[in-house]
Undergrad: 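Sharing a structure below in structure tokens format, with a few things to ask.
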Amino acid sequence: MVNYWLFKSEPSVYSIDDMKRDNAIYWEGIRNYQARNFMRACTVGDRVLFYHSNAKPPGAVGECKIVKEAWPDPEQFNPESKYFDPKASFEKPRWTVVDIEFVSKFDRLVSLQEMKENAKLAEMKLVQKGCRLSVMPVSKEEFEEVLLMGKE
DNA sequence: GCCAACGTTGGC
DNA sequence: GCCAACGTTGGC
């Protein structure tokens, strides 16, 4: 079964254009348990909305897919990394990454405001107040609606 | 740059 | 286990 997700990234740190250039990466640096647990539920072939947060304007900009399921985030073991976690060990890793691959960049950005204004997306986690999750599930219908909004 | 909404930490 | 203090996220 295919699941649908939304991954947030700050474009000043890593944008959809970086994603397009690199083609496939592991999604490093998630340090929130809820987001981590969603990543652990990702399966190969799941579809991902790529979202620009802290941007002007914030919004969905493209599509990716899961190509490798959860494995330990190597950054947690690296003292030089800003994602280093002294409480993590090889025996007991705390944090997880998944590998994603670029699928497409939207013709146009689908802004957060547009998504809030679309009645079909009223139940979407993203548009609900106080949602700061950087990895979150999306329904099939919501995913397809956002894809449609990103065309033309 | 501000600040609301959370999540995490650590003293007790 | 409570909760105050602190840190982070992310829209505006």
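The sequence lines fix the lettering, A, B, ..., with proteins before strands; numbering per chain opens at 1.
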Undergrad: Find out whether A:Y33 and A:W95 are in side-chain contact, i.e. whether some heavy atom of one side chain is under 4.5 Å from a heavy atom of the other.
TA: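 Result yes, sub-4.5 Å side-chain heavy-atom pair found.
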
Undergrad: Less than 4.5 Å apart, side chain to side chain, heavy atoms only: is that true for A:M19 and A:I100?
TA: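 Side chain of A:M19 against side chain of A:I100, heavy atoms only: contact under 4.5 Å found.
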
Undergrad: Given that A:K129 and A:R31 both sit by DNA chain B, which one's nearest nucleotide is further toward the 5' end?
TA: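 So the residue in question is A:K129.
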
Undergrad: Using a 4.0 Å heavy-atom cut-off across all strands, classify A:Q34 as base, sugar-phosphate, or nothing.
TA: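 Sugar-phosphate contact only.
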
Undergrad: Looking at A:M149, A:E141, A:K116, which one forms a side-chain contact (heavy atoms from CB on, under 4.5 Å) with A:L121?
TA: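 Looking at A:M149, A:E141, A:K116, the match for A:L121 under the side-chain contact (heavy atoms from CB on, under 4.5 Å) is A:M149.
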
Undergrad: Can you name the nearest heavy-atom pair linking A:L126 to A:M136, along with the distance?
TA: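 Closest pair (atom of A:L126, atom of A:M136, distance): N-SD, 3.5 Å.
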
Undergrad: Could you grab the distance from atom SG of A:C64 to atom CD of A:E101, nearest 0.5 Å is fine?
TA: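 Rounded to the nearest 0.5 Å, the SG-CD separation comes to 9.0 Å.
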
Undergrad: Does anything in residues 107-122 of chain A reach DNA chain C, meaning a heavy atom under 4.0 Å, and if so which residues?
TA: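 By residue number: A:L112, A:K116.
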
Undergrad: Please indicate whether A:Q113 has more than 12 foreign heavy atoms, meaning atoms of other residues, nucleotides or ligands, lying under 6.0 Å from its CD.
TA: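 It does not: A:Q113 CD has 12 such atoms or fewer within range.
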
Undergrad: Does the distance from a Lys or Arg side-chain N to an Asp or Glu carboxylate O, for A:K20 and A:D17, drop under 4.0 Å?
TA: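 Salt bridge flag = no for A:D17 with A:K20.
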
Undergrad: Please work out which residues in residues 76-88 of chain A have a non-hydrogen atom less than 4.0 Å from an atom of DNA chain C and list them by number.
TA: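 Close to the strand, none.
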
Undergrad: Of A:R132 and A:R94, whose closest DNA chain B nucleotide lies nearer the 5' terminus?
TA: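 Going by which nucleotide is closer to the 5' end, it is A:R132.
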
Undergrad: Identify the two heavy atoms, one from A:A70 and one from A:T96, that lie closest to each other, and give their separation to 0.1 Å.
TA: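 Closest heavy-atom pair between A:A70 and A:T96: CB-CG2, 3.1 Å.
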
Undergrad: Please find the pair of heavy atoms, one from A:R47 and one from A:L147, that lie closest to each other, and give the distance.
TA: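 For A:R47 and A:L147, the tightest heavy-atom pair comes out as NH2-CD2, 3.5 Å.
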
Undergrad: Where does the chain A footprint on DNA chain B start and end, counting 5' to 3' with a 4.0 Å heavy-atom cut-off?
TA: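 The contact span of chain A on DNA chain B goes from B:dA5 to B:dT8.
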
Undergrad: Does CD in A:E144 sit with more than 12 non-hydrogen atoms of other residues, nucleotides or ligands closer than 6.0 Å?
TA: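 Yes, the 6.0 Å shell around CD holds more than 12 heavy atoms from other groups.
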
